[in-house]
Amino acid sequence: MATFNEKKTCSQRMENFGRFVWNPDTSEFMGRTFAKWVYISLYYAAFYVIMIGIFALSIYSLMNTMSPYVPDYQDQLKSPGVSMRPDPYGDEVIELFYNMADNSTYLPLVTSLCDFLSVYNKSVQEKMNANCSDSTRISCAHKKENTKSCQFTTDMLGNCSWEHDHTFGYKSGTPCLFIKMNRIINFVPGNKTVPRVNCSAESGDLGDVQYYPGNDTFGTIGFQFFPYCGKKMQPNYTNPLVAVKLLNPPVNKELSVVCKVSGHGITSDNPHDPYEGKVSFKLKIENKPDSSSAH
């Protein structure tokens, strides 16, 4: 006949569990004697000490082979990218559209420019950076933390400074754009020629343009702002700008505009990167009464 295991009571189960925790007959604690617990504890302690040591040694070796000033692996991009402010993006490109007669269309642009240019305030720059001349040259050869960069202040922006016009020309239909080259560590324009900025319409007439710093033909970025030595050496580095003031752009007409930075070592014909050496945008300045305020 088949036999059935007798169902254990709760007290029997508790007694069995108690003998598993401590067996007085064999002097075992949770199935192992004191000597075995010592051996297994020493084994795992040694195992984890060795693993932690190997990990610490690998991190130490890695950190000692890496420069704190220059990344070991940099982007393949050798020519700097270019950006502009303001930069209201449309579906695919920057679309600088506004209505001179409706301040709600351009005041957000003015506010964004005020925020962007706040770091270029003269008092801020005097605290952070050095007052350089055009002949000043910076070297990244001598690694030193907190090396002062050259000042770039809003008074270099001429008629495009906030002090000259609180709306940066947007109210009068003569807007200012600010062109900025992106940073590349140790990049220096070659051939002893400063980078030049020029903006033109791809089709149609953009009208007269004035550049600051620069003239009515092109803007310039001085050599004193090159090279950029990295965040550790130059934590307060501020990118130099070129302000582009459109003096008489067409009204109520859409234009495609491109601003290029030219110079030795700067390219703008890369089909895979539309912002390498140039920035393109659409411009449309309207002068139509605000329909919401019409009676």
Side-chain angles (χ1 to χ4, degrees), residues 81-118 120 154 156-181 196-221 241-262 268-269 271 273-295:
V82 177
S83 59
M84 67 169 278
R85 296 291 190 280
D87 56 351
Y89 277 88
D91 293 334
E92 296 182 355
V93 298
I94 299 174
E95 295 179 349
L96 192 57
F97 298 165
Y98 76 93
N99 185 358
M100 295 163 51
D102 182 6
N103 62 6
S104 64
T105 62
Y106 63 79
L107 284 182
L109 303 175
V110 172
T111 301
S112 69
L113 288 178
C114 288
D115 294 339
F116 171 69
L117 294 173
S118 61
Y120 295 95
T154 52
M156 299 179 183
L157 300 175
N159 292 342
C160 282
S161 65
W162 181 85
E163 291 79 7
H164 184 271
D165 184 346
H166 289 3
T167 66
F168 301 100
Y170 284 81
K171 183 178 181 179
S172 60
T174 57
C176 289
L177 320 171
F178 298 90
I179 305 300
K180 177 173 71 75
M181 276 177 55
R196 296 181 175 184
V197 177
N198 179 267
C199 298
S200 60
E202 294 182 330
S203 60
D205 184 17
L206 185 59
D208 297 326
V209 181
Q210 181 68 45
Y211 301 89
Y212 307 96
N215 50 41
D216 59 357
T217 305
F218 54 80
T220 58
I221 302 175
L241 305 174
V242 170
V244 181
K245 188 169 186 62
L246 308 181
L247 299 178
N248 51 356
V251 179
N252 300 324
K253 181 180 180 181
E254 183 175 322
L255 292 177
S256 294
V257 183
V258 59
C259 293
K260 294 183 179 181
V261 179
S262 58
S268 57
D269 55 356
D273 189 345
Y275 293 101
E276 182 177 339
K278 67 179 184 297
V279 59
S280 301
F281 62 96
K282 292 182 179 180
L283 173 70
K284 186 176 183 181
I285 303 173
E286 296 181 321
N287 189 13
K288 299 178 181 179
D290 183 6
S291 59
S292 62
S293 62
H295 296 288

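Keep in mind it's a predicted model, so treat the numbers as computed, not measured.
If you take SG on C114 and NE2 on H166, they are separated by 9.0 Å, rounding to the nearest 0.5 Å. The distance from the CD atom of E286 to the CG atom of D102 is 10.0 Å, given to the nearest 0.5 Å. Note that the OG atom of S203 and the CD atom of E254 stand 9.5 Å from one another [nearest 0.5 Å]. The structure places OG1 of T105 at 12.0 Å from NZ of K288, a figure rounded to the nearest 0.5 Å.
Under the side-chain contact (heavy atoms from CB on, under 4.5 Å) test applied with L96, the options L255, L109, D87, I285 reduce to a single match, L109.
Here the side chain of N215 pairs a donor or acceptor atom with the backbone of F218 at under 3.5 angstrom. For the pair D165 (side chain) and C160 (backbone), a donor-acceptor distance under 3.5 Å is absent. Judged by distance alone, with hydrogens and angles left aside, the side-chain atoms of Y98 form a donor-acceptor pair with the main-chain N or O of Y170 at under 3.5 Å. Of the possible polar contacts, one joining the N248 side chain to the D208 backbone as a donor-acceptor pair under 3.5 Å is found.
The 12-atom threshold is exceeded at CD of E163, counting heavy atoms of other residues, nucleotides or ligands nearer than 6.0 Å. For K245, the NZ atom is densely surrounded, since the number of other residues' heavy atoms within 6.0 Å is greater than 12. Other residues, nucleotides and ligands contribute at most 12 non-hydrogen atoms within 6.0 Å of the CZ atom of R196.
A 4.5 Å side-chain heavy-atom check between L247 and V209 finds every atom pair outside the cut-off. When side chains are defined from C-beta on, K180 counts as touching L241, because their heavy atoms get closer than 4.5 Å. Looking at L283 and L177, their side chains never come closer than 4.5 Å, going by heavy atoms from C-beta outward. With contacts defined as side-chain heavy-atom distances shorter than 4.5 Å, the pair S83/V279 does not qualify. In this structure, the side chains of V197 and V261 come closer than 4.5 Å at one or more pairs of heavy atoms. A heavy-atom distance below 4.5 Å is found between the side chains of C259 and F281. Side-chain contact between F168 and P86 is absent, with no heavy atoms from C-beta onward closer than 4.5 Å. At a threshold of 4.5 Å between non-hydrogen side-chain atoms, the residues Y275 and V82 do not count as touching.
In this structure, Y211 and V242 approach most closely via the heavy-atom pair CD2-CG1, 4.2 Å. Shown here for G173 and M100, the closest heavy-atom pair between the two residues is CA-SD, 3.7 Å. Heavy-atom minimum distance, S268 versus G277: CB-O, 3.7 Å. Considering every non-hydrogen atom in both S256 and K282, the closest pair reads OG-CG, 4.3 Å. Nearest heavy atom pair, residue A101 against residue N287, reads CB-OD1, 4.0 Å. Contact between M84 and I179 at its shortest, heavy atoms only, is CB-CD1, 3.8 Å.
Shown here are the side-chain hydrogen bond (donor to acceptor under 3.5 Å, both in side chains) partners of Y212, two or more places apart in sequence or in another chain: N159.
Using bins of under 30°, 30° to 60° and over 60° for the plane-to-plane angle, the ring pair F178/F116 lands in the tilted bin.
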- Before giving the answer on side-chain contact (heavy atoms from CB on, under 4.5 Å), spell out for S280 and I94 the whole-Å C-alpha distance, their side-chain angles and the decisive distance to 0.1 Å. CA-CA 7 Å; S280 301; I94 299 174; over 6 Å; no

